Amino acid sequence: MKDIPPRYNPKDHEESIYSKWENSRLFHAEPDPSKKPFTITIPPPNVTGILHMGHALNNTLQDILIRWKRMQGSASLWVPGTDHAGIATQNVVERNLREKGITRQGLGREKFVEEVWKWREKYGNTIIMQLKRLGASCDWERTRFTMDKGLSEAVLEAFVQLYNKGLIYRGNYIINWCPRCQTALSDEEAPHQDVEGKLYYILYSFKEGKGVVVATTRPETMLGDVAVAVNPKDRRYKKLMGKKLILPIVGKEINIIADDFVDKKFGTGAVKVTPAHDPNDFEMAKRHNLEPITVMGPDGRMNENAGRFNGLDRFEARKLIVAELEEKKLLIKTEKHDHAVGHCYRCHTVIEPYLSLQWFVRMKPLAEPAIEAVRSGKIKFHPKRWTKVYLNWMENIKDWCISRQIWWGHRLPVYYCQKCNAVIVSKVTPEKCQKCGSVELKQDEDVLDTWFSSWLWPFSTLGWPEKTKDMEYFYPTSVLVTAPEILFFWVARMIMSGKEFIKEIPFSDVYIHGTVRDATGKKMSKSLGNIIDPLEIIDGFGADALRFSIISITSAGQDVFLSKEKFEIGRNFANKIWNASRFVLMNIEQRAERVEHRAEEKLSIADRWILSRLNRTIEAVTRALKNYRFNEAESLLYDFFWHDFCDWYVEMVKPQIIGQSAESKEQRTGEILIHVLENSLKLLHPFMPFVTEAIWQSIRERDSIMIAAWPEADKHYINKKIESDIEIVKNIIVNIRNIRSDMNIAYSKKLTVGLAPLKQGAGSVVSNNAEYIKNLAHLEKLTIDENFIRPKSSLSAVTEEFNIFIPLEGVIDVEAEKARLVKKQDLLKQQIVFTEKKLKDKNFMDHAPESVVRAEQEKAEKLREQIDRLGKTIEDL
RNA sequence: GGGCUUAUAGCGCAGUUGGUUAGCGCGCUUCCUUGACAUGGAAGAGGUCACAGGUUCGAGUCCUGUUAGGCCCACCA
């Protein structure tokens with residue numbers, strides 16, 4: 001064991017350990033009736049993605065749970081995979097092709113999709129390789145992709161089922177349209193962001209006479225106006241109801257209509273109605289039987305209905321229209337107006353509300369059972385507060401636009417008869433029209449929203465719609481770990497899909513962790529350039545360091561603020577574990593399989609203390625994990641291992657094993673050392689899998705710690721009395737060290753110390769532990785005597801249980817020390833004279849702020865205390 | 001506009017159902033290369049727990065309000 005280097009170098013171990021695990025199929029889980037299933041549902045990362053800190057946190061949490069449960073003997077399953085990320089992937093491949101001068105349209109649909117598959121074969125594995133470096137113990141043999149055969153089958157099944165139930169429909173509605181990606185988006189894919197805008201007040205004149213002023217933020221849409229609406233209760237406009245206005249620039253006549261939707265207080269109380277470009281106006285137009293006029297095309301440019309503005313970009317058109325209105329004196333005024341505008345979540349282009357023919361899922365009927373599942377407590381959120389967020393969203397849910405005008409994704413299983421216009425929805429391509437028998441059928445061009453496949457993930461990955469053994473055994477899954485960002489996108493929808501298709505919830509617990517931010521609180525993102533790359537951290541500090549550090553600073557559901565220095569915590573701890581193990585292995589020959597419970601008298605007090613602390617820690621760590629209190633579990637382990645085990649226990653037993661021949665070494669101590677070490681390694685393994693495995697391999701050559709049994713607390717060892725006795729002993733040692741430090745007594749100088757017990761029974765506590773005190777405080781002699789009389793030239797300290805006396809005659813030059821202290825005291829006296837003078841100074845007292853005066857008073861107080869203390873010390877010497 | 005969340009040492013944060021002397025990491029001061037570890041050890045300094053009220057024998061913790069940050073949701077053009 002002497003060839004173990006004194007520094008843990010992750011690079012020497014991580015790769016080989018991981019491949020060993022993988023080759024031994026230790027990640028693999030099969031249905032096993034003799035075990036309990038434990039399954040996590042993971043958010044499948046985007047196939048174009050690379051590992052960022054959010055992933056690192058998320059996957060570390062999941063791996064902790066999976067490894068912990070596996071050690072507890074569950075059939076612990078983590079199905080990994082990626083989703084096909086329709087829009088993002090298509091954008092990436094399109095960009096690559098453009099560099100070669102190829103356009104998607106030029107290539108054609110079939111060829112383009114082939115190109116995407118090729119790209120996916122080449123690069124789609126990146127994030128999976130990165131998860132392996134993090135140590136994720138996924139069952140890689142089960143790796144799934146939302147576009148693979150089984151999952152595609154599930155998508156078709158889901159679509160057809162919902163369609164047949166009347167829960168999927170097609171219709172013309174205003175949806176979120178990204179003019180850059182040229183596709184529809186769901187509401188969740190178009191998050192609102194505040195932008196600085198302007199509110200333009202425009203005069204719409206009557207044929208004769210003045211007219212009505214309307215306010216708008218998007219003047220270019222006025223080309224598609226079909227009316228002006230006012231509130232029916234608005235007195236200002238009562239007389240004008242039904243009158244006709246001339247739409248500026250266009251020159252056509254439009255009506256003034258009355259509608260309750262209009263807010264009297266906003267703007268002028270009159271609003272232009274543009275049904276093709278605003279969802280509210282669309283609804284209003286329906287109520288008044290007005291035909292929408294679309295003035296913009298899918299590319300965000302004005303179309304033929306925009307007259308001479310045809311072909312202009314929407315923002316360009318806005319400028320020209322505003323200029324023209326100004327020229328015609330129709331622009332009454334312009335106000336600054338900040339408002340929230342939807343942005344494409346993939347390319348951040350401003351969304352255009354756009355009237356088009358799309359497919360939707362009716363959500364209300366799906367939401368009801370999903371609301372019930374959470375209300376009834378069958379599904380629990382951690383932390384609890386997310387329950388309210390979830391319920392609030394679900395209760396106000398709107399229909400889900402699922403069709404996308406892109407090529408990469410699951411094509412809708414919808415076919416149109418070219419002859420009789422019948423709509424056929426079928427999992428397999430129909431041969432002929434069921435209605436008229438025509439063979440001229442055309443499949444819908446659109447693909448489905450990527451989330452339409454990921455919302456099936458918990459069961460589609462287990463084989464659904466087939467009835468598989470996996471489904472039967474592993475469903476419903478146990479827990480979902482995720483970030484709050486995809487609560488609506490994904491978590492809520494999975495609950496709905498589970499209840500709809502399986503009639504059973506997909507998981508019982510949802511743990512929502514915080515968002516990873518940089519040190520200044522900004523969300524980490526590529527565009528901000530504040531990314532800390534997890535791979536770089538793994539290279540520099542090790543995967544264990546990354547894992548430990550990120551968990552240690554993540555308290556339940558709080559956002560995480562990161563900077564590179566924080567990874568030193570984990571690196572240092574891994575090194576500490578390494579070296580403590582190194583010490584144990586270098587000094588212990590025997591391998592204790594287990595410490596059997598012994599008669600108490602055979603164990604030393606130190607042994608009984610560390611066993612008490614160990615079992616208490618086992619209990620607390622297990623409970624913390626059960627409650628998803630990951631950082632608490634870590635800090636319990638950190639404190640136990642570093643402070644109790646290394647700082648105290650190992651130091652206490654050192655004299656028994658160092659410098660002793662093999663025969664005279666205390667066998668018992670060796671057993672306890674290895675027992676505590678092994679159990680600590682097991683407890684630490686879910687958090688720091690590599691370093692714990694590396695050490696485990698040197699203790700037990702063949703076994704893997706991954707499948708070692710999770711320790712169970714043996715209450716028999718937990719002993720309050722022993723723990724408080726050791727606290728008393730530690731207290732004495734600290735007090736003696738304190739005096740040593742104050743008096744500058746070299747460590748090499750051995751002291752003689754006298755203890756006078758102040759409480760009944762205190763004396764025996766110390767006499768039982770005298771050796772520890774002598775060793776750790778570096779004493780020559782320790783006297784315990786109730787009637788101990790303070791010797792001349794000695795210093796003392798008081799604890800609750802003892803008076804501690806340390807004679808210094810012969811240890812240090814007492815006279816010289818006295819002189820040094822007197823000098824120090826004089827210096828302090830000078831200072832206090834100065835301060836007191838200040839406090840008596842009328843000028844100062846009258847003019848200085850109260851806080852400054854108080855600070856001076858406190859300073860004087862402190863100085864006085866210090867002087868008194870020094871005086872006592874000098875006297876004692 | 002609605003909802004959530006945060007304020008504890010110079011900095012970053014813990015502090016489960018109220019109950020010993022409010023902890024941890026970094027940083028700082030002093031000392032130490034003693035045979036696991038300087039990515040270490042020993043000792044220490046540093047806190048009116050944002051502010052104002054209230055409940056209680058007792059509040060960092062519970063309630064009300066104030067101030068200042070952060071986040072999410074929302075169709076006032």
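A, B, ... follow the sequence lines: proteins, then strands. Residue 1 opens every chain. This structure is a prediction, so every number in the text was calculated from the model and none was measured.
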Check the interface with nucleotides 16-19 of chain B: list each N/O to N/O pair with the protein under 3.5 Å, or write none.
none

For B:rC13, take OP1 and OP2 only and decide whether either is under 4.0 Å from a side-chain N or O of A:Lys566. no

Salt bridge (Lys or Arg N to Asp or Glu O under 4.0 Å) against A:Lys730, all qualifying residues, sequence neighbours excluded: A:Glu727

Tell me, which of residues 571-579 of chain A have any heavy atom that sits under 4.0 Å from an atom in RNA chain B? A:Arg571, A:Asn572, A:Asn575, A:Lys576, A:Asn579

Nearest nucleotide by nearest heavy atom, which residue falls closer to the 5' end of RNA chain B, A:Phe266 or A:Ser741? A:Ser741

Counting only side-chain N and O atoms of A:Trp642, is one of them less than 4.0 Å from OP1 or OP2 of B:rG41? yes

Convert the base pairs of RNA chain B into dot-bracket notation, remembering that pairs crossing earlier ones are written with [ ] and that bases paired across to another strand are shown as |; include only Watson-Crick or G-U pairs under 3.5 Å. (((((((..((((.....[...)))).(((((.......))))).....(((((..]....))))))))))))....

Please confirm whether A:Tyr638 and A:Trp642 have ring centers closer than 6.0 angstrom. yes

For A:Asn9, give me all partners under side-chain contact (heavy atoms from CB on, under 4.5 Å), at least two apart in sequence or on another chain. A:Lys11, A:Asp12

Which side chain to side chain donor-acceptor pair (under 3.5 Å) pairs, counting each pair once, include a residue from residues 261-277 of chain A, with sequence neighbours left out? A:Thr221-A:Lys272, A:Asp225-A:Lys272, A:Asp225-A:Thr274, A:Lys272-A:Thr274

Counting just side-chain N and O atoms, does A:Lys654 come under 4.0 Å of either OP1 or OP2 of B:rA36? yes

At a heavy-atom distance below 4.0 Å, what parts of residues 330-343 of chain A sit against RNA chain B? A:His337, A:His339, A:Ala340

Is any N or O donor-acceptor pair between the side chain of A:Glu651 and the base of B:rA36 shorter than 3.5 Å? yes

My understanding is that only residues two or more places apart in sequence, or in another chain, count here; which of them pass side-chain contact (heavy atoms from CB on, under 4.5 Å) with A:Lys749? A:Ile745, A:Val811

Please tell me if the side chains of A:His288 and A:Asp259 come closer than 4.5 Å, counting only heavy atoms from C-beta onward. yes

If we take the C1' atom in both B:rU8 and B:rG25, what is their distance in whole Å? 15 Å

With the side chain of A:Lys388 defined as its heavy atoms from C-beta on, choose the nearest nucleotide among B:rC4, B:rU39, B:rA36. B:rC4

Who are the salt bridge (Lys or Arg N to Asp or Glu O under 4.0 Å) partners of A:Lys626, not counting sequence neighbours? none

N/O (side chain, A:Arg385) to phosphate O (OP1/OP2, B:rC4) under 4.0 Å: no

Please list, chain by chain and in numerical order, all residues satisfying side-chain contact (heavy atoms from CB on, under 4.5 Å) with A:Thr387, sequence neighbours excluded. A:Val374, A:Phe381, A:Leu391

Let me spell it out: for each of A:Glu568 and A:Asn744, pick the nucleotide of RNA chain B with the closest heavy atom. Which residue's pick is nearer the 5' end? A:Glu568

Of the options B:rU34, B:rC37, B:rC75, whose atoms approach the side-chain atoms of A:Tyr747 most closely? B:rU34

Excluding sequence neighbours, so at least two apart, what forms salt bridge (Lys or Arg N to Asp or Glu O under 4.0 Å) with A:Arg318? A:Glu220

Could you tell me whether A:Ser635 contacts a base, only the sugar-phosphate backbone, or nothing, with contacts defined as non-hydrogen atoms closer than 4.0 Å? nothing

Hits for salt bridge (Lys or Arg N to Asp or Glu O under 4.0 Å) against A:Asp539, two or more places apart or cross-chain, chain-then-number order -> A:Arg133

Distance test, side-chain N/O of A:Asn738 to OP1/OP2 of B:rG44, below 4.0 Å: yes

